[in-house]
Amino acid sequence: MFNVNIDAEGFDQNEAQEWVNEMGNVYADMEVSDVNVSGNKISFKAGFSGMDDTSEDDIRMKLDEYMTMHELFQAKNVSVTA
């Protein structure tokens with residue numbers, strides 16, 4: 001699982017929580033856990049079930065795609081780390 005941190009503004013905390021959870025539903029093989037929404041930060045763990053060779057770039061690609069499809073907020077900074 002990779003750590004995802006998003007710095008953003010202008011979002012409702014409940015909507016942000018749902019946004020992250022829905023990402024796990026949109027991408028059936030993606031697992032999302034430990035969601036934390038606080039202040040201007042959204043953080044969670046993400047990975048792909050059954051894939052041992054998942055990289056930070058794989059997670060970032062899906063995240064960028066999802067953020068484009070579901071524009072809940074304007075991200076100022078996004079990081080994906082192991």
Considering only distance and modelled atom types, tabulate donor-acceptor pairs under 3.5 Å from the side chains of residues 10-17, sequence neighbours left out.
{"unit_1": "D12", "atom_1": "OD2", "unit_2": "N14", "atom_2": "N", "d": "2.9"}
{"unit_1": "D12", "atom_1": "OD2", "unit_2": "E15", "atom_2": "N", "d": "3.0"}

> Which pairs pass ring-ring contact (aromatic ring centres under 6.0 Å, His included) with one or both residues in residues 22-50, sequence neighbours excluded?
Replying inline: none
>> Holding to side-chain contact (heavy atoms from CB on, under 4.5 Å), I want the full list of residues that pass it with A28, two or more places apart in sequence or in another chain.
In response: none
> In chain order, what residues pass the side-chain contact (heavy atoms from CB on, under 4.5 Å) check against D34, with sequence neighbours excluded?
Replying inline: K45
Calculate, to the nearest 0.5 Å, the distance between atoms [atom1] and [atom2] belonging to [X] and [Y] respectively.
X	Y	atom1	atom2	value
N36	I42	CG	CD1	10.0 Å
L63	I6	CG	CD1	5.0 Å
E31	T54	CD	OG1	9.5 Å
E22	N25	CD	CG	4.5 Å

> With a 4.5 Å heavy-atom cut-off, do V78 and M67 have their side chains touching?
Replying inline: yes
> Closest approach of A75 and A8, non-hydrogen atoms and distance?
Replying inline: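 It is CA-CB, 4.0 Å.
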> Residues two or more places apart in sequence or in another chain: which of them pass salt bridge (Lys or Arg N to Asp or Glu O under 4.0 Å) with D29?
Replying inline: none
> So if you build clusters from Ile, Leu, Val, Met, Phe, Trp, Tyr with side-chain heavy-atom gaps below 4.5 Å, do Y66 and V32 land together?
Replying inline: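 Result: yes, single cluster for both.
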>> Using the rule that Ile, Leu, Val, Met, Phe, Trp and Tyr join whenever any side-chain heavy atoms are under 4.5 Å apart, tell me whether M69 and M61 fall into a single cluster.
In response: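 They do not share one cluster, since no chain of ILVMFWY contacts under 4.5 Å joins M69 to M61.
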> Could R60 and D64 be called an ion pair, given the rule that one side-chain N must be under 4.0 Å from one carboxylate O?
Replying inline: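 Salt bridge: yes.
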> Who passes side-chain hydrogen bond (donor to acceptor under 3.5 Å, both in side chains) against E9, sequence neighbours left out?
Replying inline: K76
> Where do V80 and N3 land on the side-chain contact (heavy atoms from CB on, under 4.5 Å) test, with the steps shown first?
Replying inline: CA-CA 6 Å; V80 179; N3 297 309; over 6 Å; no
> Stepwise, does the side-chain contact (heavy atoms from CB on, under 4.5 Å) test hold for M23 with V26?
Replying inline: CA-CA 5 Å; M23 184 170 54; V26 168; 5.7 Å; no
